[in-house]
Amino acid sequence: MCIVYTLYLSSVAIRRLVLNSKTSKAFAKTFCVLLYGSYLFVALLYYLLVLSSKAYIGEVASWHLLFGYVGHINTTLEVLGIPLWLVILSLCILLIVSVTLAVLASTWICWPELSQRKLPPISRGLLFLAFAHIIGLIAGSLAFANGYWVWYSEPLSLSSFPRVISMQNHAVDAGKLAALDYREEMARQAYTPGPVPSSRPNLIVFVVDGLRPDHMSLFGYPRQTTPYLEQRRRNAWFLSDRVYSSCAESFCGIASLLSGRFLHQLPSKPITIHETLKHYGYERRFLLSGDHDNFYQLADALYGARAEQIDTEEKRSMRYINNDHALLGFSDQLPDASDTPLFIHYHLMSAHSLGERFLEPQYTPELNHSRPDVSLRAEEPSVLKAVRNRYDNGVIQTDWMIEQLLIKLQQKGYLENAIVLITADHGELLGDNGQFGHAKALNEAEIRVPLIMLRYPMPDSSPKTACHFGSLAQVSPALAKLIGIKPPVVWEQGEIPFPGNPLLHIRQRNHVGVVINQDCSQAYKLTIDLNSGEERVDLLIDGQLQPLEDSSQPNAETLERMREAIDIARNSVSEAPKRLQTKISPMDANADSLPAKRGSAENDGAEP
Ligand SMILES: [Zn+2]
């Protein structure tokens, strides 16, 4: 209404200025239909994209991210398995709806036409109304622009000014985060490296987005999905399918892996393994498939200076962002191995539902579980089978990618002395509990990840396999121990194979939990839904969930220990109302006023 009224007032003003100007009725009508129609079409299309991005990635996409996918629309549709005709048909329907509404609106109110009507004389009353309207408009705009919900909930605002770090769906209590940040900065300044170890192996990390260990033939899956990794078993130093990520989504999974912490211990810019390795003369390279700037928002918080990434913004805009094949080209640009040891971090999207597929599928028919209709048909066995087929083909492509990349690194001399780590940031629901995707709760399928450690040259002994459960948060400390570098004091303790004693924290939104190893074959998992207060105990025998019977209940002491651990973790994460909980940015801990901090990219990476 405000906009219409303002347009009306301005048309009056224009008409007063340009005397005798006449606009034909037909022109006015056409003008209105075009104006209203295009506005409606753009707005509806935008909100449709917002709804899709909420469905696919769980948050409102930034313009950059939206244009990234729209710019590669053919690949995006191909990956999702959505035919182009369906998109064109939807756009046509949207256009028809917009034009129909515009025609209806223009018969009701059309401002150029209104401006032709006989005007009332400019009275004091009209002047007062106009003045009050302008003041109201300014005040309203200011209140709107500074409203908390606008900055943290309004889609246009979120698209234009994406939050710097969201920890995805985990809001962290701002005060506690400020304390964690302070402690981290103190630890960073106080860190003095120990003596440089005589042998500094290259450290090559593969994070495969959404890779489930129980879909890898390396861990006994009946379909042969990881033939190359099976071949490399002779290089294996450690193999485990009993590893928990610290949450069921990318941000905290990767952050925990690289910075030796559980989710509730994470500061805004944690001291990472690669930051520590720099003190020992390591070069670092990040070769990443997936959009880590606009979606994961990890680049600034974790990965460090841009100069150390090979896939620059410019290069990434030229390809579909989730295409792992590009990593081969980026790896070609690595110099040959020298005396300077190298840390390389690869992020692979081949197993992810948005990852581009370029190998001929081995299992058909395929169905991408990110398609909106799949959730509605979760009960159909044929749908489940097709979803699993597609996922398994992705695991096969992952295995092939790792093979190709390791061959390249070998040719360049990086495998003369190296540790290769292959893991995931989280798992993936493939119809387990009737759900698809990840970031839902603490289901085993979405929170368990593989951990494979290869040694070059080949280790003397056969691979150590896991008996106890471990966490991604223990990996960096274990690597530090293995390489012989001093771990920062803020890291968790950790060694590989995992020791039996620590409590492993897990969290996903309002689901908070802990896993405790009882002995080599038995563990308990306690989870609490903070919304309903419901508590659930799971028994794990030899790595698998087993029904909990009266005789296998944890004793009171174990239960108490687990509850205490959960209390510590939950108190570190905000339990504000859910709407706010998912919207508070950890960066706000340092902000004087909330909006002023938004969209700033003041940090230049996790440099020491
Ligand atoms: Zn992920």
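Checked for salt-bridge contact, Arg377 and Asp373 meet the test: a charged N lies under 4.0 Å from a carboxylate O. Between Arg285 and Glu283, at least one side-chain nitrogen of the basic residue sits less than 4.0 Å from a carboxylate oxygen of the acidic one, meeting the salt-bridge criterion.
Heavy-atom minimum distance, His511 versus Asp529: CE1-OD2, 3.6 Å. Across every non-hydrogen atom of Gly37 and Ala102, the tightest pair is N-CB, 3.4 Å. The minimum heavy-atom distance linking Cys32 with Ser106 is given by the pair CB-CB, 3.7 Å. Minimum interatomic distance between Ser476 and Ile273 (heavy atoms only, all atoms of both residues): OG-CB, 3.4 Å. Heavy atoms only, all atoms of each residue included: Ser471 and Leu504 are closest at CB-CD2, 3.9 Å. When all heavy atoms of Ile447 and Ala248 are compared, the closest pair comes out as CD1-N, 4.3 Å.
In the model, Asn322 has no side-chain atom that pairs as donor or acceptor with a side-chain atom of Ser289 under 3.5 Å. Side-chain atoms of Tyr346 and Ser331 form a donor-acceptor pair, as typed in the model, at a separation below 3.5 Å. A side-chain N or O of Asn433 and one of Asn443 form a donor-acceptor pair less than 3.5 Å apart. Between the side chains of Thr272 and Ser259, no donor N or O sits under 3.5 Å from an acceptor N or O. A donor and an acceptor atom, one from each side chain of Ser350 and Thr398, are nowhere located under 3.5 Å apart.
Counting heavy atoms from C-beta on, the side chains of His438 and Gln508 never come closer than 4.5 Å. With contacts defined as side-chain heavy-atom distances shorter than 4.5 Å, the pair Val449/Leu211 does not qualify. Looking at heavy atoms from C-beta onward, Ile452 lies in side-chain contact with Leu218 at the 4.5 angstrom threshold. In this structure, Leu328 and Asp332 have side chains that are not in contact, with every pair of non-hydrogen atoms separated by 4.5 Å or more. Taking 4.5 Å as the limit, every side-chain heavy atom of Leu384 sits out of range of all side-chain heavy atoms of Leu430. A heavy-atom distance below 4.5 Å is found between the side chains of Pro227 and Asp399. For the pair Asp336 and Gln411, the minimum side-chain heavy-atom distance is 4.5 Å or more. At a threshold of 4.5 Å between non-hydrogen side-chain atoms, the residues Leu421 and Phe206 do not count as touching.
Rounding to the nearest 0.5 Å gives a distance of 6.5 Å between OH of Tyr391 and CD of Glu428. With rounding to the nearest 0.5 Å, the separation of OG1 in Thr527 from CZ in Arg507 is 12.5 Å. The line from CZ of Phe219 to CE of Met216 is 5.5 Å long, rounded to the nearest 0.5 Å. Taken to the nearest 0.5 Å, the CZ atom of Arg284 stands 10.5 Å off from the CG atom of Leu342. In this structure, CG in Leu287 is found 5.5 Å from CG in Leu334, a value given to the nearest 0.5 Å. Atom CD1 in Ile422 sits 5.0 Å away from atom CG in Leu229 (nearest 0.5 Å).
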Stepwise side chain to side chain contact (heavy atoms under 4.5 Å, CB included) test for Val420 and Leu406 | CA-CA 9 Å; Val420 175; Leu406 284 180; 4.0 Å; yes
Just do the side chain to side chain contact (heavy atoms under 4.5 Å, CB included) check on Glu230 and Arg232 with the steps written out, would you?
-> CA-CA 5 Å; Glu230 280 167 68; Arg232 290 267 65 82; over 6 Å; no
Which is it for Tyr228 and Gln404 under the side chain to side chain donor-acceptor pair (under 3.5 Å) test, yes or no, and what are the steps along the way?
-> CA-CA 10 Å; Tyr228 175 70; Gln404 301 309 309; over 6 Å; no
Would you please test Phe358 and Asn323 for side chain to side chain contact (heavy atoms under 4.5 Å, CB included) and show each step?
-> CA-CA 9 Å; Phe358 38 81; Asn323 176 346; 3.8 Å; yes
Take His505 and Leu263 through the side chain to side chain contact (heavy atoms under 4.5 Å, CB included) test and state the conclusion after the steps.
-> CA-CA 8 Å; His505 293 276; Leu263 172 69; over 6 Å; no
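Distance alone, capped at 3.5 Å, is enough to place a donor-acceptor pair between the Ser245 side chain and the Asp425 backbone. Between the side chain of Asp241 and the backbone N or O of Pro213, no donor-acceptor pair lies under 3.5 Å. Ser256 places a side-chain N or O within 3.5 Å of a backbone atom of Arg261 that can act as its donor or acceptor partner. In this structure, the side chain of Asn368 engages the main chain of Ser353 through a donor-acceptor pair within 3.5 Å. Ser240 places a side-chain N or O within 3.5 Å of a backbone atom of Arg242 that can act as its donor or acceptor partner.
A side chain to side chain contact (heavy atoms under 4.5 Å, CB included) with Asp324 holds for exactly one of Met401, Arg357, Glu356; it is Met401. In summary, of the residues considered (Arg448, Lys440, Arg212), a salt bridge (Lys or Arg N to Asp or Glu O under 4.0 Å) with Asp432 occurs for Arg212 alone. Of the listed residues (Ile204, Leu348, Leu454, Ile407), just one forms a side chain to side chain contact (heavy atoms under 4.5 Å, CB included) with Ile402, and that residue is Leu348.
Ring planes of His426 and His352: perpendicular class, angle over 60° (limits at 30 and 60°).
By the neighbour-count criterion of 12 heavy atoms within 6.0 Å, atom OH of Tyr39 is sparsely surrounded, having that number or fewer from other residues, nucleotides or ligands. Counting non-hydrogen atoms of other residues, nucleotides and ligands closer than 6.0 Å to NZ of Lys412 gives a total above 12.
Taking the six-membered ring where the residue is Trp, the centroids of His274 and Phe286 are separated by under 6.0 Å. Centroid-to-centroid, the aromatic rings of Phe343 and Tyr282 stay 6.0 Å apart or farther.
A cation-pi arrangement is present between Arg223 and Tyr363 under the rule of less than 6.0 angstrom and at most 45 degrees off the ring axis.
Every side chain to side chain contact (heavy atoms under 4.5 Å, CB included) that Val374 has, sequence neighbours left out, goes to Leu367, His369, Arg371, Val383, Val387, Phe436. Annotation: side chain to side chain contact (heavy atoms under 4.5 Å, CB included) contacts of Ala105 (sequence neighbours excluded): Tyr36.
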Side-chain polar contacts of residues 73-82 - donor-acceptor pairs under 3.5 angstrom, sequence neighbours left out - could you list them?
residue	atom	partner	partner atom	Å
Thr76	OG1	Tyr69	O	3.3
Thr76	OG1	His72	O	2.8

